[in-house]
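The structure appears right after this line, and notes come after that.
Order of the sequence lines sets the chain letters (A, B, ...), proteins ahead of strands, with each chain counted from 1.
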Amino acid sequence: MKIASWNVNSLRVRLPHLLDWLKAAEPDVVGIQETKCVDEQFPFAELEAAGYFAAHNGQKTYNGVALLARQPLTEVCRDMECFADEQRRVIAATVGGVRVVNVYVVNGQAVGSEKYDYKLRWLAGLRQYLGEELQKYPKLAVTGDYNIAPAPEDTHDPAVWEGGILCSEPERAAFRALLDLGLKDSFRLFEQPAASFTWWDYRQAAFRRNMGLRIDHILASDALAAACTGVRVHLEPRRLERPSDHAPVVSEFTV
DNA sequence: ATGGTTGAAGATCAA
């Protein structure tokens, strides 16, 4: 089973890229972030024609998350019961015996800001929620835009990023607290190329210069991580005209 | 030189 995560930065704009990529990469499950549309605007018909079932947790203008799968999605949940939130940032479903939680973590804007406090509260809620999910579902994958670069090597230039938003110690501690539940950062189960990133700012030709961060992750429970055979960032969609600022990440499992 | 780009909304905000 290939499980992917991709922040598309507007699904309506990026649908052609998504459909082309689904055909080329053939993922079994895809967690999508920043659909930026309401459920009525979600392209269910186009995705069904491409061979995918879909579930969406939509919001006008901002946020919005979806799960796509080649098998039916069951037990779909759109809320963390332990953390009330008006922003649509979570969707979970069961696919082929694997529980998949897809998240769009709060960006946080700047360390010390009101949004940063919300980010840390939100991550504490996510930790509680994932703990509960792990009790119910031993085989758990958590796809998402975490808006956290876990370590200095996940940034193109630690001198620029260390201590700032996406790279501050409280954010990294919150990320480690998720791993402490019994989850693995699947990307780091394998040897990886140096300077592997998943997001590059649209400005300053950042992608061409590989000035990126690794902030999109697929966490796997220990039971699922044991079945992981490889993880890779797909750079091709980021090279297209009018791309998302994020590239998809794909983890492969023998389940 | 406190810059730059994109998306959605709507004449600004979030990322």
**Asked** Pick the nucleotide of DNA chain B nearest each of A:Q204 and A:T35; which residue has the one closer to the 5' end?
**Response** A:Q204
**Request:** Sugar-phosphate means primed atoms, P, OP1 and OP2; the rest is base. With that split, encode nucleotides 9-15 of chain B 5' to 3' as B, S or - using protein heavy atoms under 4.0 Å.
**Result:** S----SS
**Prompt:** Residues two or more places apart in sequence or in another chain: which of them pass side chain to side chain contact (heavy atoms under 4.5 Å, CB included) with A:A226?
**Reply:** none
**Asked** Just wondering, do A:K136 and A:E75 contact through their side chains at under 4.5 Å, heavy atoms?
**Response** no
**Complete:** Between CG of A:D201 and P of B:dT6 the distance, given in whole Å, is 10 Å
**Message:** Taking the P atom in each of B:dA9 and B:dA14, what is the distance between them to the nearest angstrom?
**Reply:** 15 Å
Which pairs would a plain distance check flag for residues 120-129 of chain A, meaning a side-chain donor or acceptor within less than 3.5 Å of a matching protein atom at least two apart in sequence or in another chain?
residue: A:W122; atom: NE1; partner: A:D85; partner atom: OD2; Å: 2.9
residue: A:R127; atom: NE; partner: A:A177; partner atom: O; Å: 2.9
residue: A:Q128; atom: NE2; partner: A:E132; partner atom: OE2; Å: 3.2

**Message:** What verdict does the side-chain hydrogen bond (donor to acceptor under 3.5 Å, both in side chains) test give for A:Y104 and A:Q59, after you've listed the backbone C-alpha separation in whole Å, the side-chain angles of each residue and the deciding distance to 0.1 Å?
**Reply:** CA-CA 12 Å; A:Y104 175 47; A:Q59 180 182 334; over 6 Å; no
**Asked** Are a donor atom and an acceptor atom from the side chains of A:D185 and A:Y146 found within less than 3.5 Å of each other?
**Response** no
**Prompt:** Judged by modelled atom types alone, do A:N102 and A:Q33 share a side-chain donor-acceptor pair under 3.5 Å?
**Reply:** yes
**Request:** Apply side chain to side chain contact (heavy atoms under 4.5 Å, CB included) to A:D39 and list each qualifying residue two or more places apart in sequence or on a separate chain.
**Result:** A:H56
**Prompt:** Would one find a side-chain N or O of A:R242 under 4.0 angstrom from OP1 or OP2 of B:dT5?
**Reply:** no
Could you run down the sub-3.5 Å N/O contacts of the protein with nucleotides 1-3 of chain B?
none

**Message:** Roughly how many Å apart are B:dA1 and B:dT12, using the P atom of each and rounding to a whole number?
**Reply:** 26 Å
**Prompt:** To the nearest angstrom, how far is A:E241 atom CD from B:dT5 atom C1'?
**Reply:** 14 Å
**Request:** Any chance you could pull the hydrophobic cluster mates of A:V249, using side-chain heavy atoms under 4.5 angstrom and chaining through other members?
**Result:** A:F187, A:L189, A:F190, A:F197, A:W200, A:F207, A:I218, A:V231, A:V233, A:L235
